[in-house]
Amino acid sequence: MPDPAVPPTPPVPLAALLAREDLALRQIAGPVDPAAVIHWAHTSEMADPYPYLLGGELLLTAGVHVPEAAGSGAYFDDYVARIVAAGGAALGFGLAPVHDTVPRALVAACEAYELPLIEVPPQTTFSGVARAVWQLMAEARLAELRRVTEAQQNLAAAASRPDPIPSVLRQLAQRVGGRAVLYGPEGTEIAGAGRTVRDAARDSLAELAEVVRPSGPGTPASATHTAAGVHLAAYALGAGRGFVLGMAAPARAPGDHTIASVAAVLLSLLTGEHQSGSGAARSSALVRLLLGSRPEEVAGLLGAGQWVVVHAAPDPRAGAAATTAPDPRAGAAAGAAPAPRTPATATPATAPPTRDAATATITHTRAPDAVAASALGAALGSPLVDLAVDVVRILLPAEREPAAPYPGWTLGVSAPVEPCDWPLADTQAARALARARATRSALVRHGGRPGLAALVPADEAEAHARALLAPLADSPALRDTLRTWLSLHGSWDRTAVALAVHRNTVRQRVAKCAALLDADLDDPDVRMELWFALRE
């Protein structure tokens, strides 16, 4: 006979059903196995219940089908044999209304065929037993859902750690109570975590990994096996990169496959990032920068051409929308490969600071989170995202510069620059964002049009600016306040919004600048000269 098809329901330990005091069930024959489970309860008074069983049932009968002379023949032996052949898990015999005691021949047959025999007392109805089974199943399903949900959360947290791949493997091994292994494209074990397994199981797991390793059309994405009493599973990671997740556990719970699938998805992303050409190039560029290379020397790894920096902050008018991915139709397609572009700076659309007229206090919205920052970077088409305290900075090719505002974000974009001028572009984007916040605009670009300042040699202009602003050299806050105040045409309120300070603070700082510089800041000629100096 083929193996019975067990219903896809969470199994209930037979011991848990017997432990229900309200049912008063008692096992009187068959093996007492704590691991014995039932998948549902079924009532039948058929002399041959085989055609009506799926396997895994607790079969309930009151013995209505039992003939009077059954005790002296092979009736019970044949009856129990058919239940066992159908995959029945246990037999429950009711003491009412037909029989006062369980027939001895039935007890002997259950002992012979090792089928648990349960005595159901007269006060316990079969419907009550079935209801108890379903209650235990519901509790088991809820517990399993909680286990899977908790495992998913912990796996996601592990993937965000500094050592994501070992952390995910450790978390998976802990959740299944076994061992998790990552195999490389050549079949070697790259990383592993959890309990050690016997050599036979370890070798079988490695062989199972080869079964799912991409080798052509028809290769399965996952496979399971049992070796040396250990349950094995293997999952192919990604699309044809050759990485495989292997898992070995002493037992297999219903939710283990779901948990392992989540781990496989996370590991696919992690291994894909390290293996992809763009990911490897980015890693190489960052390492070279850390080791002392100049930006222009590593820019070729990221793409040719000019770049922009974007500073982004959550839009105060967007509310919770700032935490969702921007609509890719508003600008560049989400996830598109970045083309070379000028650096741009973007800040999540957080509400700029607002002043309460009654209390004269400044209020701010919350800072952007990592998920929102990553979503914005994906929408702009660049993975080069830096999440600072209150702003998101994005470096992207100039061709990918935002063409339109992004819902939920306030953006400040630099002028296109060569890699050697990335720091300058960062400063431009920051100023553009400050202006966007102050004017409550969704998108502001740095104005790169040549002006009169370009007529003065750079070294002479820098020397003049340094001499003119020498009284403010030790106070960056005063310089920033004066620059912002001048850029906003002397508006106290807009400057307060841009700097996230009280308007009275702006007044005090500007007055102090005027005193230190011994200048009349109401004179347009003075303002013009200071503005040129502050731009150097």
Side-chain angles (χ1 to χ4, degrees), residues 278 281-282 285-286 289 293-315 322 325-350 368 372-388 390-439 441-451 454 483 487 498 535:
S278 60
R282 284 199 306 274
L286 292 175
L289 285 172
S293 296
R294 295 192 302 272
E296 56 269 27
E297 294 175 345
V298 303
L301 295 171
L302 304 176
Q306 291 186 314
W307 295 76
V308 293
V309 172
V310 174
H311 279 211
D315 186 342
D327 186 350
R329 292 170 297 181
R341 252 195 124 137
T342 317
T345 303
T347 24
T350 54
S374 298
L376 178 63
L380 291 176
S382 174
L384 302 173
V385 179
D386 173 40
L387 177 58
D390 61 349
V391 69
V392 177
R393 302 191 302 172
I394 305 171
L395 180 67
L396 68 158
E399 299 81 28
R400 302 291 301 167
E401 179 181 347
Y406 275 71
W409 293 89
T410 299
L411 304 180
V413 184
S414 76
V417 299
E418 297 296 333
C420 59
D421 290 325
W422 283 347
L424 173 62
D426 185 45
T427 301
Q428 292 177 351
R431 293 176 182 173
L433 177 62
R435 188 170 185 82
R437 281 171 154 171
T439 58
S441 302
L443 173 64
V444 170
R445 289 182 174 84
H446 174 78
R449 185 176 58 183
R483 179 191 297 111
S487 73
R535 292 182 61 186

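Everything numeric in this text was worked out from a predicted model, so none of it was measured. For the numbers below, each heavy atom of this structure counts, side chains included, while hydrogens, waters and symmetry mates do not.
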To check you understand the geometry: which heavy-atom pair defines the closest contact between [X] and [Y], and what is its length?
| X | Y | answer |
| --- | --- | --- |
| L433 | T410 | CD1-O, 3.4 Å |
| Q428 | A415 | OE1-N, 3.1 Å |
| C420 | P423 | O-CD, 4.0 Å |
| L443 | A404 | CD2-C, 4.1 Å |
| S414 | A425 | CB-O, 3.2 Å |
| A434 | A498 | O-CB, 3.5 Å |

Problem set entry | Audit row: R435, S487, side chain to side chain contact (heavy atoms under 4.5 Å, CB included) steps and yes/no | CA-CA 8 Å; R435 188 170 185 82; S487 73; 4.1 Å; yes

For this session: Starting at CG of L411, measure out to CZ of R437 and round the result to the nearest 0.5 Å.
Result: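 That separation rounds to 11.0 Å.
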
For this session: Kindly compute the distance separating CG (D421) from CD (Q306), expressed to the nearest 0.5 Å.
Result: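 Rounded to the nearest 0.5 Å, the CG-CD separation comes out at 9.5 Å.
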
For this session: Any pair with a residue in residues 373-383 that passes salt bridge (Lys or Arg N to Asp or Glu O under 4.0 Å), sequence neighbours left out, goes on the list, sorted by first then second residue, please.
Result: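 Every pair satisfying salt bridge (Lys or Arg N to Asp or Glu O under 4.0 Å) with a residue in residues 373-383: there are none.
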
Exercise. Can you name the residues that form a side-chain contact (heavy atoms from CB on, under 4.5 Å) with V298, not counting sequence neighbours?
Worked result: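 With sequence neighbours excluded, V298 shows a side-chain contact (heavy atoms from CB on, under 4.5 Å) to A285, R288, L289, S293, given in chain and number order.
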
